[in-house]
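Throughout, protein chains are lettered first and strands after them, A, B, ... in sequence-line order, and every chain is numbered starting at 1.
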Number of protein chains: 2
Amino acid sequence: MEPSHRNLAHQVVHELGKKIMEGTYKVGDSLPSEADLCTQFNISRTATREAVKMLTAKGLISSRPRQGIKVVDSKYWNLFDVDVLNWILLGKPDLYLLRHFLQLRLAIEPEAASLAAQFAQESDIENIEHALVRMKNATNGQDDTHEADIDFHQSVLCASNNPFFIQLNNFIETALKINIRFTNRLVAVTVEEYQAHVDIFEHIKNKEPQAAFDAALITQKETLAIVNNQIAVLESK
Amino acid sequence: MEPSHRNLAHQVVHELGKKIMEGTYKVGDSLPSEADLCTQFNISRTATREAVKMLTAKGLISSRPRQGIKVVDSKYWNLFDVDVLNWILLGKPDLYLLRHFLQLRLAIEPEAASLAAQFAQESDIENIEHALVRMKNATNGQDDTHEADIDFHQSVLCASNNPFFIQLNNFIETALKINIRFTNRLVAVTVEEYQAHVDIFEHIKNKEPQAAFDAALITQKETLAIVNNQIAVLESK
DNA sequence: CATTTACAATTGTATGACAAATCATAGTAA
DNA sequence: TTACTATGATTTGTCATACAATTGTAAATG
C-alpha cells in the first residue's frame, strides 16, 4: 500500500480531514486561515494551499477570499472517498452510523451477488473461491478472520463487473470494520456465517441470480435486524 | 449554484478531468509534465500544481517525482464525485454505461423508498409531494419534465435520512440525464410513469416500507429490462 | 558481470511580491 | 434618517524564482 503521507500536503490533508470527521471543526465552522495553518504545521503556503485544494476536491471545505476556509454542509462530502471513509473510521462511530452503513449494504450486496451470478468471469469465480478458502482457514485460525471476510465481500463486488459497484469496495470494507468493532468478533468466523458465504458462492457459480440475491439478502437482513434491535433498546431507556 | 471555474486551478481541473473521461488521456498514460501544463494553459506552476492535487484527491491521477503525472487505474476513480459524474456525462456514454447506472439504481432506489417509508420526516414527505405536483404540471407542459423527474427521485433519496443514500443524489441525477439522452424523451412524462411515482409516494406516506420497495422495484426493473434487450439486440448483430 | 556512482528529469517545498475578491466601516448625499 | 458610495483591511488567488528531494538512466568502476 501507498503511504498516505508521501508529502507535506498529504499529511496536512489527513490531519485536517480527521479533525473535520471527529468534529473538531464542525459544519459551518471556519478553519484557521492559510497563514495560521502555515504556522501551526510549520510549512509553507504552497503546501498549505495544496492541502486545502485537496480537501476542497473531496467536498469537505470551501475556501474563498476574505471569507476564509469553511467546513461545508455534510451533504456535499464525498462519503465514498477512501480517505473520508478512513477518517470516519478514526472518529467515534456510533450505532446510528453503523445502521446507515448496514442499510446501504443491504441495498448493495444482494444486487451485487445477483450481478455476479450474471456477469462473473472465470477469474472472478476463482477470486471468490480463494476468499472462501481463506475464510475456512480462518475458522482454524490459520488466516486472518477479518481480512478474509472483507476479501470475500470485495471479490463478490468485483465479480459484478460494474465499475460503480466495484468503487463501493472501500465503503464495504469500512462498513465491515465498523461492524467488527461493534460486535467485538475477536474470534473466528462462525460456522453459520461461513456456510452462508458458501451458499452465495454456489449460486453465483451456478449462475442463479435470484438465488444469489436471496442468499445475500438474508445475511444482510439478519445483521441489520440485530442493530435495529440494539437501537430500539437504547432508545427505550 | 456555484460556478465550477471560480479560479484557474478549477478550470484546469475541469479541462483535464474531461479529457481523462473522454479518453484523451487513457489509464496508464502520462499527462504532460507540470512545466508543459504551465505553458499549455499559460498559467503558473502554483495553479497547475493545485489542479493536479485536486485531480489526485478525486483519485484520477497520481503524481510522483521523475515519474510524472499518470492516469491511475479506473478502479481508484471516485465515480460518485459530482465533478467526475459530470465529466462522464460530457463524454460519450454508451448503452453499457447506461446499464451500469441502471443496475446500481435498481439496488439503491427501492431500498431508499423503503427507508423513506420508515424514517421520513414531515418535511421530507412535503418535498416528495411538491416534486409530484411539479411532475403533474410537467405533463401539462407547465414545468420542466426532466427537472421534476430528477427532483422526485432526489427527494425520495433524501427522505431516507441516510447520509450515504443522500450522497448518491448526484449519481441518480447523472443516471437520469443519461437515461433521458438515450430514450430521447423530449416530450412530457407519460401517465403511467406519473402514476408509478404517485404509488411510491403513497406507500412512503402511509409508512409501508415493503410496498414502497416493491413499487420502486417494478419501475427500475422495467427500465433495466428495456436496456438489457437493446444490448441483446445489439450484440446479436 | 555486478555494483556503485554520477547525472538528469520531474515533482516537492519555500519565499516574497502583488492581484483580486469581499466584508466592514465610515463617509456622503438625498 | 436612510440609502448609497468610497475606502480600507483581510483573506485567498496568482505569479516568479530558487533550491531540495526523489528516482530512473546511464556511465564508471571493481
Side-chain angles (χ1 to χ4, degrees), chain A residues 1-17 19-20 25-73 76 83, chain B residues 1-17 19-20 25-73 76 83:
Chain A
M1 258 310 137
E2 319 236 338
S4 54
H5 34 278
R6 289 203 318 284
N7 56 41
L8 287 181
H10 277 79
Q11 287 177 43
V12 176
V13 165
H14 256 73
E15 292 305 319
L16 295 179
K19 283 185 179 170
I20 292 173
Y25 301 123
K26 298 188 177 60
V27 169
D29 281 4
S30 283
L31 270 68
S33 70
E34 285 184 359
D36 290 343
L37 289 174
C38 289
T39 58
Q40 278 186 32
F41 290 99
N42 195 32
I43 57 176
S44 71
R45 244 190 106 195
T46 312
T48 303
R49 282 183 59 81
E50 286 174 5
V52 168
K53 289 299 173 192
M54 283 196 269
L55 287 170
T56 304
K58 291 182 188 298
L60 299 187
I61 63 179
S62 82
S63 146
R64 292 188 164 191
R66 173 76 214 212
Q67 195 168 317
I69 305 165
K70 289 185 174 174
V71 181
V72 304
D73 192 281
Y76 297 112
D83 296 322
Chain B
M1 260 308 135
E2 321 233 338
S4 53
H5 32 276
R6 290 203 323 282
N7 56 39
L8 287 182
H10 277 79
Q11 287 176 43
V12 176
V13 165
H14 247 72
E15 292 306 318
L16 295 179
K19 283 185 180 170
I20 292 172
Y25 301 122
K26 297 187 176 61
V27 169
D29 281 4
S30 282
L31 270 68
S33 70
E34 284 184 0
D36 290 343
L37 289 174
C38 289
T39 58
Q40 277 186 33
F41 289 99
N42 196 31
I43 57 177
S44 71
R45 246 190 102 193
T46 311
T48 303
R49 282 183 58 82
E50 286 174 4
V52 168
K53 289 298 172 190
M54 282 197 269
L55 288 171
T56 303
K58 290 182 187 300
L60 300 187
I61 63 179
S62 82
S63 147
R64 292 188 162 189
R66 174 76 215 209
Q67 197 168 317
I69 305 165
K70 288 185 176 176
V71 181
V72 305
D73 192 281
Y76 297 113
D83 296 322

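To the nearest angstrom, C1' of dA16(D) lies 15 Å from CD of Glu50(B). Protein atom CG of Leu31(A) is 20 Å distant from nucleotide atom P of dT10(D), rounded to whole Å. Atom-to-atom, CZ of Arg49(B) to P of dT10(C) comes out at 14 Å; the value is rounded to the nearest Å. Remark: P of dA19(C) and CG of Asn7(B) are 18 Å apart, rounded to the nearest angstrom. Here the P atom of nucleotide dT13(C) and the CZ atom of Arg6(A) are 10 Å apart, to the nearest Å. Across the protein-nucleic acid pair, Glu34(B) atom CD and dA16(D) atom P stand 15 Å apart, rounded to whole Å. The CD1 atom of Ile69(A) sits 8 Å away from the C1' atom of dT12(D) (whole-angstrom rounding).
Comparing dT10(D), dC15(D), dT12(D) against the side chain of Leu8(B) picks out dC15(D) as the nearest. Comparing atom distances between the Ser33(B) side chain and each of dG12(C), dT11(C), dA16(D) picks out dT11(C) as nearest. Among the nucleotides dG8(D), dT14(D), dA9(C), the one closest to any side-chain atom of Arg66(B) is dA9(C).
At a threshold of 4.0 angstrom between heavy atoms, the contacts of Ser63(B) are confined to the sugar-phosphate backbone, with no base atom among them.
The base of dA16(D) is not paired with the side chain of Ser44(B) by any donor and acceptor separated by under 3.5 Å.
The phosphate of dG13(D) (OP1 or OP2) has a side-chain N or O of Lys53(A) nearer than 4.0 angstrom.
When the nearest nucleotides of DNA chain C are assigned to Gln67(A) and Asn42(A) by heavy-atom distance, the more 5′-ward of the two goes with Asn42(A). In terms of position along DNA chain D, the nucleotide closest to Arg45(A) lies nearer the 5' end than the nucleotide closest to the other residue of the pair Arg45(A) and Pro65(B).
His10(A) has its side chain within reach of Lys53(B): a pair of non-hydrogen atoms, C-beta onward, lies under 4.5 Å apart.
When every heavy atom of Gln40(B) is checked against every heavy atom of Pro32(B), the shortest pair comes out as NE2-CG, 3.4 Å.
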